[in-house]
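This report concerns only the one structure given below.
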Number of protein chains: 2
Amino acid sequence: MLVRTPAELGAVLRDRRKKLKLDQSTFAKRIGVSRQWVIEVEHGHARAELGLILRALDALDIRLDASTEQAPARGATRPAVDINAIVAKARKKKA
Amino acid sequence: MLVRTPAELGAVLRDRRKKLKLDQSTFAKRIGVSRQWVIEVEHGHARAELGLILRALDALDIRLDASTEQAPARGATRPAVDINAIVAKARKKKA
DNA sequence: AGCCTATGTCAGCGATCGATGACTTTTTAT
DNA sequence: ATAAAAAGTCATCGATCGCTGACATAGGCT
């Protein structure tokens, strides 16, 4: 499942929690937050703390993968071979 | 790349930003945050806002994938076929 | 060396987080 | 139908966010 927005993330968490048959209370305790927090996050709270979110995902055995693939849309990717950068990098490694 | 902690997330962002040859300032402007924010997040700030994080990932064309696969560790997964749940679901759809 | 850019640090400030506890509404089960 | 459980709402409060702006360091180039 692709995650683009806080709302999508909330849906992922809720669905998974239900699949595991946890209620919000026990889930909240398991990750060390209040039940209130669970409610808000599941509803897509955009300003939730990153660290708590990651803990919640972990508690539900959800893996998060960051990939660069498949995004041919925006701006110029692949600026072709940049010989200067290569030289600079090589120099740095030596030093 | 698997993301488990705020620090790992920060590293992913930084690496990608550098690959795209953006400095923190222009990157910050692009996602609508302060340079200060970029610094802290790249350093693994655990309490960063989820929404801003997602915007940052998007700005760098990084895809986030949430999967359930490969986590045979913790508790009882796959509680076998749950006939009650299936019936309940069917009922709900009708109503 | 001297300059310039990128990055990192500090202090102050308004806005908002997440916790708590009480209450209401919705859902589930008998 | 009715009782219990789960989910949602509200207000309050201390702690911390992210922003700003100025300054400090670090690296690269001529």
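Below, read A as the first sequence line, B as the second, and so on, with proteins coming before strands; counting in each chain starts at 1.
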Rounding to a whole Å, what distance do you find between [X]:[atom1] and [N]:[atom2]?
X: A/Q24; N: C/dT20; atom1: CD; atom2: P; value: 16 Å
X: A/D23; N: D/dA4; atom1: CG; atom2: P; value: 17 Å
X: A/L22; N: D/dA7; atom1: CG; atom2: C1'; value: 15 Å
X: A/I39; N: D/dA6; atom1: CD1; atom2: C1'; value: 9 Å
X: A/K21; N: D/dA7; atom1: NZ; atom2: P; value: 14 Å
X: A/E42; N: C/dG18; atom1: CD; atom2: P; value: 14 Å
X: A/H43; N: D/dA6; atom1: NE2; atom2: P; value: 16 Å

Pairwise side-chain contact, [X] with [Y], heavy-atom cut-off 4.5 Å (strictly under):
X: B/Q24; Y: B/E42; answer: yes
X: A/T68; Y: B/D61; answer: no
X: A/E8; Y: A/T5; answer: yes
X: A/R35; Y: A/K29; answer: no
X: A/R47; Y: B/L50; answer: no
X: B/D65; Y: A/L64; answer: no
X: A/P6; Y: B/L54; answer: yes
X: A/R16; Y: A/M1; answer: no

Under a 4.0 Å heavy-atom cut-off, which of residues 5-14 of chain B touch DNA chain C?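 Residues of residues 5-14 of chain B that come under 4.0 Å of DNA chain C are, in numerical order, B/R14.
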
Protein-to-nucleotide contact annotation, 5' to 3' order, nucleotides 12-25 of chain D [B base; S sugar-phosphate only; - none; under 4.0 Å, heavy atom]: ----SSSSB-----

